[in-house]
Structures are given as structure tokens and as C-alpha cells.
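The next block holds one structure in the form of C-alpha cells; read it before the comments.
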Amino acid sequence: MTQTPVVVVGGGAAGMMAALAARRAGAAVVLLEPNEKLGRKLYITGKGRCNLTNNTTPEGVLAHVTRNGRFLYSAVTRFPPAAVMEYFKALGVPLKTERGGRVFPCSDRAADVIDALFFALKKEGVVLRRGKAEELRLAQGRVVGVSLGEESLPAGAVILATGGLSYPATGSTGDGYRLAQSAGHTIVPPTPSLVPLEEAGDTCAQMQGLSLKNVTLTLKNQKKKVVFQEQGEMLFTHFGLSGPLVLSASAHANWSRDTYTAVLDLKPALEEEKLEARILRDIAQAPNKAFHNFLEGLLPRRMVPVMGARVDIAPDLPVNALTKAQRRRLVEAMKHFALPLAGPRPIREAIVTAGGVKTGEVDPGTMMSKKTAGLFFAGEILDLDAYTGGFNLQIAWCTGRAAGEGAARYSKEERE
């Protein structure tokens, strides 16, 4: 009797992992992907270097998951970062750990990770099919196949690993949400997470292209409550703010409920008194220097005119003419450079999508639907997301592994 395959819908990180896990657990597997190439979104992760996990403990991963971390406990404990790293090393991808525990291939090439997974799929005998799942075929409360338009593909189990709505050019079009809903699932409304932020003004546009390192970004809501604070790198753009710090901050924002202001500490290593003392020291060394030239010793050149306008000090004023009040304004502006925000960039520009299939309707051990037997989920289609640093790919790998093994086990039990 021919074995009815496990059908994996979506050839991204979670889908490829799920297909390999199901195949290695003894199932026949068909991997369905509409794109010509697998893993298109992986090509752009980590700026093309593929930050594939974070070298931390399962608890360290869960501490960086922004919602539904408890749901992820079983999957990440069974396939933690250490096991993920060994997995890819066994596939022939040497790895290195960088600042913040970020793990990359030694080659700094995302293509090496994708190629390793692709050749593993071929070697294991996973059938790769180019096509789009139009509908799930359901019978008596269980999934029995996938419709590809006019063609129907029978399935012993189906794994939906279609991603979210971020970067639609890579194939994340949200189709999986519709398929999940057709099987009775609740979809938590998708919103952008890890996304650049738009300024409510044009201050950032005046400094477009300027990158700042070792600054502290604080995100405050309209009640002045701090919802995020961290030190790192960021970038001014024509629309507002981007860069690692900003992407992490965006995961803490709830735009349906609050408005936010980004506050930059441009000199986090110096307390206000020490910064003022340094300014006084610099004034004493060059008392006749014009204010705008003086600022160039404290700030990147592109920030100088913006800062001058903010503190309302004439650019050609000799610094020894600065009043105590003007010096205080300068210190205040450098330690608390506030930028009111208008909201996030569109969801298509987000690195990951928050929202998706409600985790309460999915078994956390097997990733199988509690609504429809034989239907499994993996990766970004689930209402799971995390901060930058390799944590979102760790979610993809561990949920993919759990779904693949769960689907293979279910498919075998159904045959018996």
C-alpha cells in the first residue's frame, strides 16, 4: 500500500525543518512551495548573513519571546539553540557566535544555510512540488488533502508553514491564515513586529542616512511610561527611525492603544553633571569657538544643525558667551532627544508578523490543531514573535521540528 504523504505547505525555514523532521521520522513527505526557490526570506535575514539562532538556553530564548512564550516551552526545550547549532554543523555549515549570542554561518552567507537544507531535503527523498495550496480538503473533522486548484493532493497530515504578512515579495502573503480559518481556527489580527518607526515630524529626515552607535533608546507612551529601554545602534531615515534598537523597541508597542515618543540619550556613558563638566572643560580650551563648530566635537556633523535649532542657540555664537541656561538646554537635549512617533511602517516592511493562528487552539507538544485532526502549524503563521538576535528563526526551527515529528506520528497512527 502506497504511503499517503505528509504535505508541508510553505518552503521557508519552518517548512523545510518540518519536512526534514517528518521524513526522518519515517513519513513520505511532499513540500509545496509557490516560489521557484525555497527559503527566500532566509536570504535577507541578518542582512544576508542569516542569524540562524542565538547561543543561549531555552530559558534565554523564552525571555526574548514577546508573546505566548509558555506555549513555546515544550518545542524549544526539545530542540534548543545548542541542538539547532549541532544540526546545522552536521549539515556541513560551520557556525560562529557574535555579540549578543547571535549565531551566523562562518561564511556570512545565508545561501549556505539554504543550500544545506535544500540538499538535505533532496538526499532524504522529500518530494519538492512547486504550487500553491488553494484549499484544505476536510472530511469528518480531519484534513485529508490539499487542493491545488484543479488538482487535489491527498495527505496523511498537513503542516501549514506559510509565514505571516511580512516581506510579501518572499511569498509571505497571509494565505495560511485563510486556510487555517477554513479549518475552524481563530486568527489573532496580524500586526507588524520588528518594524521601522515613522516620526511625526521631519527631524529624522534632516539627518537621513546617519547611523548612531552606543546610544540609548527609550520608548515612552503618552502617559510617560517606559515600555522599552536599551543601548545599541540605530539609523535615521527619510521617514523616521530604523536599525536594531528601533526594531526591538517596535515589538513593545501597541499602536491600537497607545501613542509613543522615542527618547535618545546620545551620551549614555556620561551622567548629566559629568556631561556639563565636559562641556565646560571644552569651552575653557577654546573659548572663542563658534557654537556650531563646538558641537562638532560632541556630535556627528549631520546632527549639528538639528541640535542647534533644537536648543535655539545661534550657530556663530562664541561658546564662552553661552549662559548657564543655554548649557543646561544643550545637556538636556543631548540626554533626552525626544522624537514623537506617528506609528510603525507598513506590515510588508516588518521583519516578522505579530498575530496569527491562536496558540490556545494548537497542541504545544505536537503543533497539531485542536480544531481539525491531522492539521499542524509551524513558524510565523502562529501567534509567536520575538526580538531580534536569532530568536525568530529559533522559533521557526523548533516549531517546525515539533510539527514534522507530530505529523509523521499522526500519519502513521492513522494508517495503523
Side-chain angles (χ1 to χ4, degrees), residues 41 44-47 51 64-67 100 164-170 172 188-266 268 299-300 302-303 306-307 309-310 333-356 380 384-389 391-392:
K41 193 173 177 183
I44 57 175
T45 60
K47 298 180 181 176
N51 179 190
H64 289 81
V65 175
T66 56
R67 73 198 78 228
L165 284 171
S166 56
Y167 293 126
T170 65
S172 299
V188 177
T191 57
S193 183
L194 302 184
V195 66
L197 300 174
E198 294 188 1
E199 182 201 359
D202 63 352
T203 301
C204 295
Q206 297 173 51
M207 300 179 284
Q208 179 180 346
L210 174 62
S211 177
L212 298 179
K213 294 183 178 181
N214 299 320
V215 296
T216 295
L217 170 63
T218 302
L219 196 66
K220 295 182 178 181
N221 65 13
Q222 72 276 12
K223 296 177 182 176
K224 308 296 183 187
K225 180 183 177 182
V226 173
V227 298
F228 173 87
Q229 186 173 70
E230 200 169 292
Q231 189 172 333
E233 301 177 20
M234 54 156 291
L235 173 72
F236 293 110
T237 71
H238 67 284
F239 58 77
L241 303 170
S242 189
L245 261 186
V246 176
L247 297 178
S248 292
S250 71
H252 294 261
N254 183 342
W255 295 98
S256 65
R257 186 184 64 201
D258 293 323
T259 57
Y260 298 92
T261 298
V263 183
L264 305 180
D265 182 348
L266 302 170
L299 298 168
R302 215 175 301 182
M303 278 200 88
V306 173
M307 183 62 77
R310 179 159 291 210
M334 291 182 68
K335 296 291 288 182
H336 307 277
F337 193 88
L339 295 161
L341 300 172
R345 291 292 284 173
I347 197 166
R348 64 179 181 273
E349 295 181 26
I351 291 178
V352 295
T353 306
E380 199 180 339
L384 294 167
D385 63 288
Y387 307 139
T388 57
F391 300 105
N392 286 290

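Just the heavy atoms: all of them, side chains too, but no hydrogens, waters or symmetry mates, feed the values below.
At least one donor-acceptor pair closer than 3.5 Å links the side chain of Y260 to the backbone N or O of N254. A donor-acceptor pair is defined here as one N or O able to donate and one able to accept, closer than 3.5 Å; no such pair exists between the side chain of S211 and the backbone of L235. Listed for the E233 side chain is no donor-acceptor partner under 3.5 Å among the backbone atoms of P244. A distance-only check finds a donor-acceptor pair linking the side chain of S250 to the backbone of V195 [under 3.5 Å]. One N or O on the side chain of T66 and one on the backbone of D385 form a donor-acceptor pair closer than 3.5 Å. Side-chain atoms of E380 come within 3.5 Å of backbone atoms of T353 as a donor-acceptor pair (strictly under, hydrogens ignored).
If you take OG1 on T237 and CD on E198, they are separated by 8.5 Å, rounding to the nearest 0.5 Å. Taken from CE in M234 to OG in S248, the straight-line distance is 13.0 Å, to the nearest 0.5 Å. In this structure, the separation between SG on C204 and CZ on F236 is 5.5 Å, given to the nearest 0.5 Å. For the atom pair D265 CG and M334 CE, the distance stands at 9.0 Å (nearest 0.5 Å). We find the NZ-CG distance between K225 and D258 to be 8.5 Å, quoted to the nearest 0.5 Å. The line from NZ of K220 to OG1 of T261 is 8.5 Å long, rounded to the nearest 0.5 Å.
Among all heavy-atom pairs drawn from N51 and G389, the shortest one is OD1-C, 2.9 Å. The minimum heavy-atom distance linking P344 with L197 is given by the pair CA-CD2, 3.9 Å. Residue P196 comes nearest to V246 through the heavy atom pair CA-CG1, 4.4 Å, listed as atom of the first residue, atom of the second, then distance. A pairwise comparison of heavy atoms in E199 and A205 identifies OE1-N, 4.5 Å as the closest pair. Residues V65 and A386 approach most closely at CA-CB, 3.8 Å, considering heavy atoms. Nearest heavy-atom pair across R302 and M207 is O-CG, 3.6 Å.
Ring pair Y387/H252 is parallel by interplanar angle, where below 30° counts as parallel and above 60° as perpendicular.
Looking at heavy atoms from C-beta onward, Q231 lies in side-chain contact with N214 at the 4.5 angstrom threshold. Between L245 and L212 there is no side-chain heavy-atom pair separated by less than 4.5 Å. The closest side-chain heavy-atom distance from L217 to V263 is not below 4.5 Å. Between L219 and L341 there is a side-chain heavy-atom pair separated by less than 4.5 Å.
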From CA spacing to verdict: side-chain contact (heavy atoms from CB on, under 4.5 Å), R257, N221 | CA-CA 10 Å; R257 186 184 64 201; N221 65 13; over 6 Å; no
Trace of the side-chain contact (heavy atoms from CB on, under 4.5 Å) decision for F337 with T203 | CA-CA 11 Å; F337 193 88; T203 301; 4.1 Å; yes
Apply side-chain contact (heavy atoms from CB on, under 4.5 Å) to the pair R67 and V188, showing each step before the final yes or no.
-> CA-CA 12 Å; R67 73 198 78 228; V188 177; over 6 Å; no
